[in-house]
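Quantities reported herein were computed from a predicted structural model and do not represent experimental measurements. Only heavy atoms go into these numbers, but all of them, side chains included; no hydrogens, no water, no symmetry mates.
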Amino acid sequence: MQFVGETFSDFDNTVRRPAYEVVNASVDYRVSEASHFSVRVYNLLDKIYPVTGSSVSWLLGRPRSVEVAYNVAF
């Protein structure tokens, strides 16, 4: 779980960006000595949150997404 407190989004400290929490999860499985399989889920609860912005526009955080990887070392 990631928690980001309320912050200001401008140099004059007039535009407040609200606090938010994001839940991420991952599972790794070692297939062999040289390889492993991973599944990662970002923003598990699909929360809408602002990463940065100003008084006229906001850049929203990553929506729920899944990443699958298989790594092999040789």
Side-chain angles (χ1 to χ4, degrees):
M1 181 171 199
Q2 176 185 7
F3 173 77
V4 177
E6 183 180 86
T7 59
F8 290 100
S9 290
D10 64 342
F11 292 119
D12 296 329
N13 292 341
T14 57
V15 178
R16 291 182 184 265
R17 186 177 65 205
Y20 62 89
E21 306 86 25
V22 178
V23 177
N24 301 318
S26 66
V27 175
D28 287 337
Y29 176 72
R30 182 176 295 269
V31 178
S32 69
E33 280 294 318
S35 65
H36 71 275
F37 178 76
S38 303
V39 177
R40 298 176 198 99
V41 180
Y42 299 97
N43 196 1
L44 185 65
L45 304 177
D46 204 22
K47 180 163 180 134
I48 297 174
Y49 60 97
V51 175
T52 188
S54 65
S55 60
V56 294
S57 65
W58 292 96
L59 176 64
L60 299 180
R62 185 178 195 169
R64 182 185 307 142
S65 53
V66 177
E67 194 173 88
V68 177
Y70 185 72
N71 295 301
V72 178
F74 53 92

Q) Do Met1 and Val4 belong to the same hydrophobic cluster, where Ile, Leu, Val, Met, Phe, Trp and Tyr are linked whenever their side-chain heavy atoms lie under 4.5 Å apart, directly or via other members? A) no

(Q) If we ignore hydrogens and angles and just use 3.5 Å, is the side chain of Asp46 paired with the main-chain N or O of Arg64 as donor and acceptor? (A) yes

Q: Might you work through the side chain to side chain contact (heavy atoms under 4.5 Å, CB included) test for Phe37 and Val68, ending with a clear yes or no?
A: CA-CA 8 Å; Phe37 178 76; Val68 177; 3.6 Å; yes

Q: Mark yes when over 12 heavy atoms from residues, nucleotides or ligands other than Ile48 sit less than 6.0 Å from its CD1; otherwise mark no.
A: no

Q.
Within the supplied structure, the quantity of interest is the number of heavy atoms (other residues, nucleotides, ligands) at a distance under 6.0 Å from Phe11 CZ; does it exceed 12?
A. no

Q | Qualifying residues under side-chain contact (heavy atoms from CB on, under 4.5 Å), relative to Glu33, sequence neighbours excluded | A | none

Q: Apply side-chain contact (heavy atoms from CB on, under 4.5 Å) to Asn24 and list each qualifying residue two or more places apart in sequence or on a separate chain.
A: Gln2, Val22, Tyr42

Q: Please name all residues satisfying side-chain contact (heavy atoms from CB on, under 4.5 Å) with Ser35, sequence neighbours left out, ordered by chain then number.
A: Val31, Ser32, Tyr70, Val72

Q) How far does CZ of Arg17 sit from CG of Leu59, to the nearest 0.5 angstrom? A) 10.0 Å

Q. Rounded to the nearest 0.5 Å, what separation is found between the NZ atom of Lys47 and the CG atom of Leu60?
A. 12.5 Å

Q) Is Phe8 reachable from Phe3 through a run of I, L, V, M, F, W or Y residues, each pair having side-chain heavy atoms under 4.5 Å apart? A) no

Q: Apply side chain to side chain donor-acceptor pair (under 3.5 Å) to Ser57 and list each qualifying residue two or more places apart in sequence or on a separate chain.
A: none

Q) Do Val39 and Leu45 share a hydrophobic cluster, counting only Ile, Leu, Val, Met, Phe, Trp and Tyr and linking them when any side-chain heavy atoms are less than 4.5 Å apart? A) yes

Q. What's the spacing between His36 NE2 and Asp28 CG if we round to 0.5 Å?
A. 5.0 Å

(Q) The criterion is ring pair (Phe, Tyr, Trp, His ring centres under 6.0 Å); which residues satisfy it with Tyr20, sequence neighbours excluded? (A) Tyr49

Q | Qualifying residues under side chain to side chain donor-acceptor pair (under 3.5 Å), relative to Arg16, sequence neighbours excluded | A | Glu6

